[in-house]
Amino acid sequence: MNGWIVPLLIVACLLALGLATVRLLKGPTSADRIVALDIFLAASVALCVAASLATARTVFLDVAIGLALVGFVGTVGWARLVDRSADMPEETTDDKDHR
């Protein structure tokens, strides 16, 4: 395998992590932050693949598959939570006084 693929993959992952960090801190919505966390997950899976390619060990691929499965379930869970919170009516100060 060419010697430039793994360093290129690592640099691309670090760039994605940097951009996702900006989106995570800046927001402005919860959906933006969830997408940023999903980018973190995808970059970590890609870094596991890069480690597997660099060391020629398949154990890193097992870790990548586990991360992908757990991350998918987590992303779906967060998306459902945000969707449900968007459907709930917001309370105003007038509503609290009439209880």
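Listed by chain and number, the hydrophobic cluster partners of I39 are V35, where partners are ILVMFWY side chains within reach of under 4.5 Å, directly or through others. Under a 4.5 Å side-chain heavy-atom criterion applied to ILVMFWY residues, the cluster that includes F60 comprises V59 as well. With side-chain heavy atoms closer than 4.5 Å counting as contact, directly or through intermediates, the hydrophobic cluster containing I34 also holds W78, L81, V82.
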Which atom pairs, donor and acceptor, lie under 3.5 Å between side-chain atoms of residues 68-77 and protein residues at least two apart or in another chain?
from: T75; atom 1: OG1; to: D38; atom 2: OD1; distance (Å): 3.0
from: T75; atom 1: OG1; to: G71; atom 2: O; distance (Å): 2.8

Show which side-chain atoms of residues 12-19 pair as donor or acceptor with protein atoms under 3.5 Å away, not counting sequence neighbours.
none

Throw together a table of side-chain donor-acceptor distances under 3.5 angstrom for residues 43-51, partners on residues two or more places apart or in other chains.
from: S44; atom 1: OG; to: F40; atom 2: O; distance (Å): 3.3
from: S44; atom 1: OG; to: L41; atom 2: O; distance (Å): 2.7

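Evaluation of the side chain to side chain donor-acceptor pair (under 3.5 Å) test over residues 54-66, restricted to residues two or more places apart or in two chains, returns none.
Residues R23 and P28 have side chains in contact (heavy-atom distance under 4.5 Å, counting atoms from C-beta outward).
The side chain to side chain donor-acceptor pair (under 3.5 Å) check on D32 picks up T29, with sequence neighbours excluded.
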